[in-house]
Amino acid sequence: MVSSIAKITPSLAETPQRCTGAYALIDSLVRHGVKHIFGYPGGAILPIYDELYRAEARGELQHFLVRHEQGASHAADGYARATGKVGVCFGTSGPGATNLVTGIATAHLDSIPMVVVTGQVGRAAIGSDAFQETDIFGITLPIVKHSYVVRYAQDMAGIVAEAFHIASTGRPGPVLIDVPKDVGLEECDYIPVEPGQVKLPGYHPTVKGNPRQVNGALSLIETSQRPLLYVGGGAIAANAHVQIQEFAERFQIPVTTTLMGLGSFDEHHPLSVGMLGMHGTAYANFAVSECDLLIAVGARFDDRVTGKLDEFASRARVIHIDIDPAEVGKNRRPDVPIVGDVAQVLEQLLQRSREIDVPLDPQKTEAWLHRINRWRQQYPLVAPHYDGTISPQEVIAEIAQQAPHAYYTTDVGQHQMWAAQFLNNGPRRWISSAGLGTMGYGMPAAMGAKVALPEEEVICISGDASFQMNLQELATLSQYGIAAKTVIINNGRQGMVRQWQQAFFGERYSSSNMQSGMPDFELLAKAFGIKGITVTEHSQLSGAIAEMLAHDGPVLMDVHVKKDENCYPMVAPGKSNAQMLGLPELKPTIFMKELTRCTSCGVDNPVTNKFCPECGAKV
């Protein structure tokens with residue numbers, strides 16, 4: 001898109017102000033509540049940075065100079081996930097803009113609201129292969145929600161207002177604003193556009209569910225015996241955790257979440273069955289394989305969740321609730337599709353169930369919950385303990401015990417899955433690259449979250465391979481004293497790559513050993529002026545974590561763990577969720593017979609019984 005198409009109702013109190021396009025951009029950002037920007041300057045974006053210098057001097061906002069533009073995009077992403085607000089990052093033209101691409105794609109696949117501002121060569125030079133010219137508009141078309149090239153300075157205010165509106169409404173996502181250098185310098189008659197003044201023709205996200213579909217969903221819930229709530233990242237984006245808990249409790253439905261949905265439901269709640277999917281809990285994967293009704297809330301039936309798609313919840317009817325109509329039915333055809341904001345749709349379901357007085361039988365799902373609890377007892381998540389070496393799981397379990405209310409970011413790999421298994425997070429306190437699986441994401445994202453929430457504890461769980469992707473951001477932490485803590489789960493390997501090579505590639509460990517050339521992370525931290533800690537023994541672990549948390553500043557802690565530990569359970573590629581690797585063998589002494597409660601006299605019967613021996617009724 002090259003110019004604004006919105007209908008704008010400017011404030012009658014505003015009179016045109018003669019200024020540059022760069023001033024119009026910075027002032028518009030301030031008016032949209034931007035307090036922090038992450039970026040890196042360069043020639044084409046210098047007019048904007050010159051205006052940013054003045055705005056910082058006035059105390060209107062703060063810029064954080066990253067050491068690589070990818071760090072800027074991940075920091076803006078982490079900022080947005082932690083707060084629900086739009087994150088903002090800057091980069092110059094050419095390599096500066098292309099360095100942002102991985103972060104833009106990360107935000108796009110996880111539906112994170114971001115506004116990305118790039119410098120561009122002057123308008124007359126566009127298309128001439130000028131120095132540091134790239135078509136960032138074209139490059140990013142598949143990975144943004146919308147994009148602009150600003151052709152005229154007077155369009156700037158409207159474009160910024162549109163960008164924030166689009167990024168933060170409907171299904172959130174990143175929006176690109178590409179600003180030619182001469183547009184930043186060009187003077188115009190600037191009339192500010194405030195938040196809420198933009199109306200975009202043709203852009204009207206559906207937020208209310210269709211009443212007929214709501215009634216259809218309630219009918220399925222009423223007749224279901226083994227329902228399961230399957231909750232994804234859309235629930236986090238919609239701030240729907242209150243509605244999810246009320247809905248689950250009202251109908252006594254167990255809840256499983258995706259990697260993106262972690263934190264949307266209290267994992268200490270008796271109805272929680274944790275994360276499902278490739279490295280989900282055994283009881284969540286068994287539950288989704290055995291349920292008769294699957295209620296998908298803000299989830300997209302991702303392949304890492306479903307395993308073999310045609311065997312995913314194959315016995316279940318499906319209700320799919322999502323704000324993006326393109327997701328509903330994309331991978332699995334639902335029996336009842338409901339397009340709308342998931343928080344509002346759940347409110348509609350709750351309200352309608354009260355209006356029509358849907359019968360609430362707390363015993364209806366009792367046998368189902370008992371069955372899930374049997375799986376939970378048989379296949380618990382346990383942090384193993386080894387003599388002479390530290391297990392990765394016990395590191396994360398100890399951190400979770402000492403910092404139960406922290407905001408956690410992760411990089412990508414085994415440590416990410418262990419963190420998902422052993423951390424119990426609240427809403428927005430789990431920040432991880434799920435869709436793109438971006439190594440190097442964790443520390444910059446923690447930086448963004450800590451800038452947004454300086455009073456909160458922010459901890460990055462990283463791996464030795466992932467951490468080295470963006471370790472230069474230690475300099476940013478050091479410069480600004482950003483007190484985010486980073487824990488490296490150091491097994492000297494690309495852990496998940498090594499695990500797959502062991503399981504599926506005949507133990508041919510091609511290019512997955514990171515030991516040679518690995519830095520001393522404690523010394524590296526000290527080189528950047530940051531506190532470094534190394535842990536090699538069990539006896540050091542608890543005290544080192546306490547020391548890290550007590551330190552008033554950034555910390556890098558390197559924990560040497562068992563090198564060949566695998567992440568289980570694991571659903572192998574192409575297998576159903578019920579076919580998991582790494583489950584413990586059941587001992588006969590702990591096997592519990594599955595019971596079915598007699599509806600006549602209430603006595604529990606083994607499932608093999610066709611008639612109740614107590615009253616003779618058919619079971």
Inset, instruction - Give the C-alpha distance, both sets of side-chain angles, the deciding distance and a yes or no for side chain to side chain donor-acceptor pair (under 3.5 Å) between N215 and R212. - result: CA-CA 5 Å; N215 286 336; R212 182 179 297 177; over 6 Å; no

Inset, instruction - Verify, without hydrogens or angle tests, whether D411 (side chain) and Y441 (backbone) share a donor-acceptor contact under 3.5 angstrom. - result: yes

Could you pull out all donor-acceptor pairs under 3.5 Å where a side-chain atom in residues 427-435 meets a protein atom, sequence neighbours excluded?
unit_1, atom_1, unit_2, atom_2, d
R428, NE, N239, OD1, 3.4
R428, NH1, R81, O, 3.0
R428, NH2, I236, O, 3.2
R428, NH2, N239, OD1, 3.4
R429, NH1, H405, O, 2.4
W430, NE1, L259, O, 3.0
S432, OG, T410, OG1, 2.6
S432, OG, Q416, NE2, 2.7
S433, OG, G437, N, 3.2
S433, OG, T438, N, 2.9
S433, OG, T438, OG1, 3.3

Inset, instruction - May I ask you to check whether Y283 and Q378 show a side-chain donor-acceptor distance below 3.5 Å? - result: no

Inset, instruction - Report the C-alpha distance between E327 and R171 in whole Å, list the side-chain angles of each, state the deciding distance to 0.1 Å, and finish with yes or no for salt bridge (charged side-chain N to carboxylate O under 4.0 Å, His left out). - result: CA-CA 10 Å; E327 287 296 344; R171 181 178 184 170; 2.9 Å; yes

Legend entry - Non-hydrogen atoms of A299 and T258 that approach each other most closely: CB-CG2, 4.4 Å

Legend entry - H279 side chain vs A420 backbone, donor-acceptor pair below 3.5 Å: no

Legend entry - K575 atom NZ, neighbour heavy-atom count above 12 within 6.0 Å: no

Legend entry - Nearest heavy-atom neighbours spanning L436 and T106: CD2-OG1, 3.3 Å

Legend entry - Over all atoms of both residues, closest heavy-atom pair of A167 and P113: O-CB, 3.3 Å

Inset, instruction - Give a yes or no answer on whether the side chain of K364 reaches the backbone of S224 with a donor-acceptor pair at less than 3.5 Å. - result: yes

Legend entry - Near-ring test Y148/H146, centroid separation under 6.0 angstrom: yes

Inset, instruction - Give the ring-plane orientation class for F265 versus H269, where under 30° counts as parallel, over 60° as perpendicular and anything between as tilted. - result: tilted

Inset, instruction - Taking the side chain as every heavy atom from C-beta outward, state whether H320 and I338 have any atom pair closer than 4.5 Å. - result: no

Legend entry - Heavy-atom pair with the smallest gap, counting every atom of V231 and A235: CG1-CB, 3.4 Å

Legend entry - Side-chain donor or acceptor of N373 paired with backbone N/O of R376 under 3.5 Å: no

Legend entry - T281 side chain vs V273 backbone, donor-acceptor pair below 3.5 Å: yes

Inset, instruction - Please check if the side chain of Q213 supplies one atom and the backbone of V336 the other of a donor-acceptor pair under 3.5 Å. - result: no

Inset, instruction - Could you walk me through whether V179 and T118 pass side chain to side chain contact (heavy atoms under 4.5 Å, CB included), step by step? - result: CA-CA 6 Å; V179 185; T118 53; over 6 Å; no

Inset, instruction - May I ask you to decide if the ring planes of W375 and W368 are parallel, tilted or perpendicular, using 30° and 60° as cut-offs? - result: perpendicular

Legend entry - Residue pair Q351 / E347, side-chain donor-acceptor N/O under 3.5 Å: no

Legend entry - side chain to side chain contact (heavy atoms under 4.5 Å, CB included) against A316, all qualifying residues, sequence neighbours excluded: C291, L294, A313

Legend entry - Ion pair R300/D302, N-O distance below 4.0 Å: yes

Legend entry - Neighbour count >12 (heavy atoms, 6.0 Å) for atom CZ, R332: yes

Legend entry - Polar side-chain atom of Q245 near backbone of V242 as donor-acceptor pair, under 3.5 Å: no

Inset, instruction - Side-chain contact test, heavy atoms from C-beta onward, threshold under 4.5 Å: evaluate it for N285 versus V571 and give yes or no. - result: yes

Legend entry - Evaluation steps, side chain to side chain contact (heavy atoms under 4.5 Å, CB included), between T206 and I323: CA-CA 7 Å; T206 301; I323 198 164; 5.9 Å; no

Inset, instruction - Can you see which heavy atom on T256 is nearest to which on A284, and at what distance? - result: OG1-CB, 3.6 Å

Legend entry - E290/R226 salt bridge by N-O under 4.0 Å criterion: no

Legend entry - K35 atom NZ: more than 12 heavy-atom contacts under 6.0 Å: no

Legend entry - Donor-acceptor contact below 3.5 Å, side chain K450 vs main chain P454: yes

Legend entry - Reference residue V116; test side chain to side chain contact (heavy atoms under 4.5 Å, CB included); the match among I177, I136, L100: L100

Inset, instruction - Answer yes or no: does atom CZ of R250 have more than 12 heavy-atom neighbours from other residues, nucleotides or ligands under 6.0 Å? - result: yes

Inset, instruction - Compute whether any side-chain donor of one residue and acceptor of the other, for Q70 and H74, lie under 3.5 angstrom apart. - result: yes

Inset, instruction - Mark yes or no for whether T409, through its side chain, and G442, through its backbone, hold a donor-acceptor pair below 3.5 Å. - result: yes

Legend entry - Minimum side-chain heavy-atom gap L271-F251 below 4.5 Å: no

Inset, instruction - Decide yes or no for Q421 and C567: does some side-chain heavy atom of the first lie under 4.5 Å from some side-chain heavy atom of the second? - result: yes

Inset, instruction - Measure across P337 and V328 and return the closest heavy-atom pair with its distance rounded to 0.1 Å. - result: CB-CG1, 3.4 Å

Inset, instruction - Determine, step by step, whether N577 and F286 satisfy the side chain to side chain contact (heavy atoms under 4.5 Å, CB included) criterion, reporting the C-alpha distance in whole Å, the side-chain angles of both residues, the deciding distance to 0.1 Å, and the verdict. - result: CA-CA 7 Å; N577 282 33; F286 285 139; over 6 Å; no

Inset, instruction - May I ask you to say whether R354 pairs ionically with E246, meaning some side-chain N is under 4.0 Å from a carboxylate O? - result: yes

Inset, instruction - For the pair Y230 (side chain) and F301 (backbone), establish whether a donor and an acceptor sit closer than 3.5 Å, ignoring hydrogens and angles. - result: yes

